[in-house]
Amino acid sequence: MSIRVGIMGYGNLGRGVECAVAQNPDMELKAVFTRRNPEDLHIWSETAEVVSASKLADWKDELDVLILCGGSATDLPKQTPEYAKYFNVIDSFDTHAQIPKHFADVDAEAKKSGRVAIISVGWDPGLFSLNRMYAGAILPEGKDYTFWGKGVSQGHSDAIRRIKGVKDARQYTIPVESALEAVRAGKNPELTTREKHTRECFVVLEEGADPAKIEEEITTMPNYFADYDTTVHFITEEEMQQYHSRLPHGGFVLRSGVTGREKENHHLIEYTLKLDSNPEFTSSVLVAYARAAYRMSQEGLSGCKTVFDVAPAYLSAKSGEELRATLL
Ligand code: NDP
C-alpha cells in the first residue's frame with residue numbers, strides 16, 4: 001500500500017512537493033489543503049483533492065503523513081504543533097535561532113498524540129546541518145565553514161522590494177571564490193562577513209524613481225547589505241522576467257581538520273549543492289523525510305525529531321536488503 005500524503009499550503013514548496021511525490025512510486029498524494037478558497041487553486045495532480053484547511057482534522061485517518069509547506073515566519077510556529085495533534089508531520093522551519101523553541105512546542109503535541117513530527121527539514125537547515133554534524137564527529141579538531149550561493153535570497157529580495165520606488169527585485173548571494181580556495185587549501189582563515197559573500201541585486205524601478213538614491217538605500221541597509229560588498233543593477237521588467245525568474249540556490253559545507261601525533265595530516269570534507277530550483281529541491285528532501293516519519297511512526301516512535309534523529313535507511317524507498325547489496 002502506498003504512503004498516503006497530504007500537503008498543507010500551496011506555495012513554492014507545496015507545488016514542489018506535489019512534483020516530488022509523483023517521482024516516488026511508493027507514495028500517493030491524497031489532498032492539498034489551503035487557507036484560500038479551494039476553488040481558486042489549480043493543482044497539477046489529477047487525482048488529489050483540494051480541501052479547505054478548516055477541514056484538516058476530518059482527514060485524521062486518511063493520511064499517513066502531512067507535509068507542511070507554510071512560511072517559517074508566521075505559519076509554521078502555529079501550524080506544526082497544531083497539526084501534530086492529528087498527523088505525522090514534516091516541516092522546513094528555517095528560523096535557526098527559534099528552532100529549540102519550535103522543537104519544544106511541537107514535541108509536546110506530538111508526544112501527546114503519539115505522532116512523529118520531523119522539523120527543520122530541507123537543505124539549510126537540513127542536509128547542510130547533517131553534513132556539519134558528520135564532519136565534526138569525524139574530525140573533532142578542525143573548523144567548519146558554510147558558504148551559500150550562488151543563489152536567490154528571498155528575504156533579501158523582499159527587503160529591496162519594500163523600498164519606495166522599487167517595483168521588483170532579485171538578490172543573489174555569491175560566495176567569494178578566494179575565501180573558498182583558502183579554506184580548501186587548509187589555511188583555516190578567520191573570515192569576516194564581508195570576506196565570505198558578496199551580494200548582487202537586480203532592480204526594476206517604478207517610473208520616476210531616483211536610481212542613485214535607491215542604490216544608496218540598498219547598500220547601506222543594516223543587517224541585510226551594510227556589512228557586504230553589494231552591487232546594484234537596474235534592469236527592465238522584461239529582463240527580470242527573462243533572466244531572473246527562477247529560484248536557483250546552493251552552497252558549500254566544509255570542514256578542515258587535522259589528525260596524527262603531530263597533527264601533521266590535513267583533511268578536507270566538502271559537500272556541495274547546486275540547485276536550479278531551491279523550492280523543488282527542498283520539497284524533494286521533505287518528501288524523503290516524509291517516508292522516514294511514516295516508517296518511524298509504524299515502529300511505534302513518537303515526538304519531535306530533527307534530521308539528526310533519523311537513521312539514513314528510513315529515507316530510502318529501497319529495502320535494507322537492496323541497500324546492502326547495491327550501495328555498501
Ligand atoms: P510561499 O510564500 O511560496 O508559500 C507559503 C504559504 O503562503 C503557502 O503555504 C500558501 O498557503 C501561502 N501562499 C502561497 N502563494 C500564495 C498566494 N499567491 N496567495 C496567498 N497565499 C499564498 O513560501 P515557500 O513555499 O517559498 O517557502 C516556505 C518556507 O520554506 C519558507 O518560509 C522558508 O522558511 C522555508 N524554506 C526552507 C528551506 C530549508 O532548506 N530548510 C529552503 C527553502 C525554504 P495557503 O495555500 O494556505 O494559502
Side-chain angles (χ1 to χ4, degrees), residues 6-20 29 31-45 48-56 59 66-80 82-83 89-99 102-103 106 117-133 146-149 151-159 161 170-171 173 245-253 271-290 305-308 310:
I7 292 173
M8 170 60 219
Y10 198 63
N12 294 314
L13 287 192
R15 288 189 295 272
V17 167
E18 185 180 25
C19 293
L29 181 65
V32 174
F33 300 89
T34 181
R35 293 161 294 184
R36 285 167 280 164
N37 179 357
E39 284 168 21
D40 294 343
L41 238 62
H42 301 288
I43 68 168
W44 175 58
S45 160
E49 287 183 46
V50 183
V51 182
S52 167
S54 62
K55 303 235 164 66
L56 245 166
W59 283 68
L66 179 67
I67 304 182
L68 302 175
C69 299
S72 290
T74 52
D75 295 341
L76 298 175
K78 284 202 214 110
Q79 290 178 348
T80 315
E82 173 62 21
Y83 296 129
V89 292
I90 306 288
D91 80 20
S92 68
F93 186 72
D94 71 353
T95 314
H96 291 256
Q98 294 294 319
I99 289 174
H102 188 55
F103 183 95
V106 176
I118 312 180
I119 61 157
S120 300
V121 171
W123 60 280
D124 201 0
L127 300 181
F128 272 17
S129 326
L130 260 187
N131 279 280
R132 285 187 284 259
M133 193 214 66
T146 302
F147 292 85
W148 294 276
V152 173
S153 159
Q154 307 234 53
H156 287 77
S157 303
D158 287 344
R161 277 190 217 108
R170 209 69 87 244
Q171 192 272 180
T173 306
S245 57
R246 295 211 291 187
L247 295 170
H249 220 316
F252 305 81
V253 169
Y271 178 77
T272 308
L273 292 174
K274 287 189 176 57
L275 315 174
D276 261 1
S277 165
N278 176 0
E280 285 182 14
F281 182 80
T282 302
S283 302
S284 300
V285 183
L286 286 167
V287 166
Y289 277 89
K305 316 283 174 195
T306 71
V307 292
F308 300 135
V310 178

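Note that ligands are numbered from 1 as they come in the structure, with each ligand's atoms numbered from 1 the same way.
Protein heavy atom in closest approach to atom 20 (C) of ligand 1: Arg36 CD, 3.5 Å. At the shortest separation from atom 28 (C) of ligand 1 among protein heavy atoms lies Gly70 O, 3.4 Å. Looking only at heavy atoms of the protein, atom 33 (C) of ligand 1 is closest to Asp94 OD2, 3.4 Å. In this structure, atom 4 (O) of ligand 1 lies nearest to the protein heavy atom Gly11 CA, 3.7 Å. Looking at atom 38 (C) of ligand 1, its nearest protein heavy atom turns out to be Thr282 CG2, 3.8 Å. For atom 37 (C) of ligand 1, the closest heavy atom belonging to the protein is Ser92 O, 3.4 Å. Looking only at heavy atoms of the protein, atom 43 (C) of ligand 1 is closest to Asn278 OD1, 3.5 Å. Protein heavy atom nearest atom 2 (O) of ligand 1, with residue, atom name and distance: Asn12 ND2, 5.0 Å.
Among the atoms of Pro125, some N or O lies under 3.5 angstrom from an N or O of ligand 1. Checking only distances, Asp75 never comes within under 3.5 Å of ligand 1, N or O to N or O. For ligand 1, the polar-atom distance check against Cys69 finds a nitrogen or oxygen pair separated by under 3.5 Å. For ligand 1, the polar-atom distance check finds an N/O of Leu13 within less than 3.5 Å of one of the ligand's N/O atoms.
Test Arg36, Glu18, His42, Arg35 against Tyr10 for side-chain hydrogen bond (donor to acceptor under 3.5 Å, both in side chains) and you get one pass: Glu18.
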Practice task
List the steps and the verdict of side-chain contact (heavy atoms from CB on, under 4.5 Å) for Ser120 and Val307.
Solution key: CA-CA 8 Å; Ser120 300; Val307 292; over 6 Å; no
Exercise for the section: Determine, step by step, whether Trp148 and Phe252 satisfy the ring-ring contact (aromatic ring centres under 6.0 Å, His included) criterion, reporting the C-alpha distance in whole Å, the side-chain angles of both residues, the deciding distance to 0.1 Å, and the verdict. Expected result: CA-CA 6 Å; Trp148 294 276; Phe252 305 81; over 10 Å; no
Handout entry: Full working for side-chain contact (heavy atoms from CB on, under 4.5 Å) between Thr282 and His249
Key = CA-CA 10 Å; Thr282 302; His249 220 316; over 6 Å; no
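Heavy atoms of Gly126 stay at 4.0 angstrom or farther from ligand 1.
Of the options Gln79, Met8, His96, Arg35, the smallest heavy-atom separation from atom 7 (O) of ligand 1 is shown by Arg35.
Within the model, atoms CD1 of Ile119 and CZ of Phe93 stand 7.5 Å from one another, a figure rounded to the nearest 0.5 Å. With values rounded to the nearest 0.5 angstrom, Ser92 atom OG is found 5.5 Å from Leu76 atom CG. Atom CH2 of residue Trp123 and atom OG of residue Ser129 lie 11.0 Å apart, to the nearest 0.5 angstrom. Taken from OG in Ser283 to CG in Asn278, the straight-line distance is 9.0 Å, to the nearest 0.5 Å. For the atom pair Leu29 CG and Ile7 CD1, the distance stands at 4.5 Å (nearest 0.5 Å).
Thr80 pairs by the side-chain hydrogen bond (donor to acceptor under 3.5 Å, both in side chains) definition with Asp91, not counting sequence neighbours.
Close approach to Gly122 involves these atoms of ligand 1, each under 4.0 Å from a residue heavy atom: 39 (C), 40 (O), 41 (N). Which parts of ligand 1 touch Trp123 is read off a 4.0 Å heavy-atom cut-off, strictly below it: atoms 39 (C), 40 (O), 42 (C). With ligand atoms numbered from 1 in the order given, ligand 1 contributes 41 (N) to contacts under 4.0 Å with heavy atoms of Val121. Against a heavy-atom cut-off of under 4.0 Å, Thr34 is close to the following atoms of ligand 1: 45 (P), 46 (O), 47 (O), 48 (O). In summary, the atoms of ligand 1 found under 4.0 Å from a heavy atom of Gln154, numbered by their order in the structure, are 26 (O).
For the residue pair Arg246 / Ser277, no side-chain donor-acceptor distance below 3.5 Å is found, with atom types taken as modelled.
The closest donor-acceptor contact from the side chain of Ser157 to the backbone of Ser153 lies under 3.5 Å.
In this structure, atom 13 (N) of ligand 1 has protein heavy atoms in its sub-4.0 angstrom surroundings.
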